[in-house]
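Quick caveat, the model's predicted, so the values are computed rather than measured.
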Amino acid sequence: MTDIKIKTMEDAVALAIEIGRTEAALKQMKEQLKAFAKNNGTVNTGEVLWDFQPSVSWKIAPESLRKLTLDLAIEGVDPWELLQISKKNLDGLGWSEDVLEQYGQKSVKKTFRSVKASPQTIAG
């Protein structure tokens with residue numbers, strides 16, 4: 001990788017545009033490799049294996065979740081330390097932050113990523 005020095009906003013904008021292009025190209029390349037691996041099996045580069053790796057998750061029905069929490073408590077484990085409600089599910093409730101603050105503490109982390117600009121942010 002070259003040693004890129006950003007000195008001006010124009011340099012930063014040019015780099016951001018190039019990153020967008022590179023990420024789009026990378027996405028297309030991964031899709032092509034994914035299709036190849038789907039039809040032909042693992043792609044072994046000698047350093048890494050590209051293939052479909054299992055991703056395990058569990059969907060537990062509400063009635064089973066009640067039993068799970070009781071069994072955890074019997075085992076001496078605080079089930080509420082293990083169980084979290086997702087932001088998506090909380091957002092689906094339509095509750096205000098004032099209401100949610102009665103139950104827990106809001107945590108905000110910043111991640112460096114791009115988002116589509118609205119006409120207001122472009123003009124601003």
[atom1]/[X] to [atom2]/[Y] distance, rounded to the nearest 0.5 angstrom?
{"X": "Glu63", "Y": "Lys67", "atom1": "CD", "atom2": "NZ", "value": "12.5 Å"}
{"X": "Lys87", "Y": "Gln84", "atom1": "NZ", "atom2": "CD", "value": "14.5 Å"}
{"X": "Asp11", "Y": "Leu15", "atom1": "CG", "atom2": "CG", "value": "8.5 Å"}
{"X": "Trp50", "Y": "Thr42", "atom1": "CH2", "atom2": "OG1", "value": "12.5 Å"}
{"X": "Ile19", "Y": "Arg113", "atom1": "CD1", "atom2": "CZ", "value": "15.0 Å"}

Taking [Y] as the starting point, is it possible to reach [X] by hopping between hydrophobic residues whose side chains are less than 4.5 Å apart?
{"X": "Leu49", "Y": "Leu33", "answer": "no"}
{"X": "Met9", "Y": "Ile17", "answer": "yes"}
{"X": "Leu65", "Y": "Leu72", "answer": "yes"}

Applying side-chain contact (heavy atoms from CB on, under 4.5 Å) to Trp80 and Leu82, what does each step give before you reach the verdict?
CA-CA 5 Å; Trp80 312 119; Leu82 298 175; over 6 Å; no
Do [X] and [Y] touch side chain to side chain, with heavy atoms closer than 4.5 Å?
{"X": "Leu26", "Y": "Lys30", "value": "yes"}
{"X": "Asp51", "Y": "Val43", "value": "no"}
{"X": "Leu68", "Y": "Arg66", "value": "no"}

**Q.** Flag, side chain of Thr45 to backbone of Glu47, donor-acceptor distance under 3.5 Å
**A.** yes
- Do side-chain atoms of Asn39 reach the backbone of Phe36 as a donor and acceptor pair under 3.5 angstrom? no
Is it the case that more than 12 heavy atoms not belonging to [X] sit under 6.0 Å from its [atom1] atom?
{"X": "Ile85", "atom1": "CD1", "result": "no"}
{"X": "Glu10", "atom1": "CD", "result": "no"}
{"X": "Gln102", "atom1": "CD", "result": "yes"}

*Sequence neighbours excluded, which residues qualify as side chain to side chain contact (heavy atoms under 4.5 Å, CB included) partners of Ser96?*
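By the side chain to side chain contact (heavy atoms under 4.5 Å, CB included) rule, Ser96 matches Asp98, Val99.
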Q.
Under a 4.0 Å threshold between the charged nitrogen and the carboxylate oxygen, would Arg21 count as salt-bridged to Glu18?
A.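 Judged by the 4.0 Å cut-off on N to carboxylate O distance, Glu18 and Arg21 do form a salt bridge.
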Sequence neighbours excluded, the answer for side-chain hydrogen bond (donor to acceptor under 3.5 Å, both in side chains) partners of Lys88 is none
TODO: Using the salt bridge (Lys or Arg N to Asp or Glu O under 4.0 Å) rule, take Glu101 and Lys106 through it: C-alpha gap first, then chi angles, then the decisive distance, then the call.
DONE: CA-CA 7 Å; Glu101 285 174 349; Lys106 180 180 177 181; over 6 Å; no
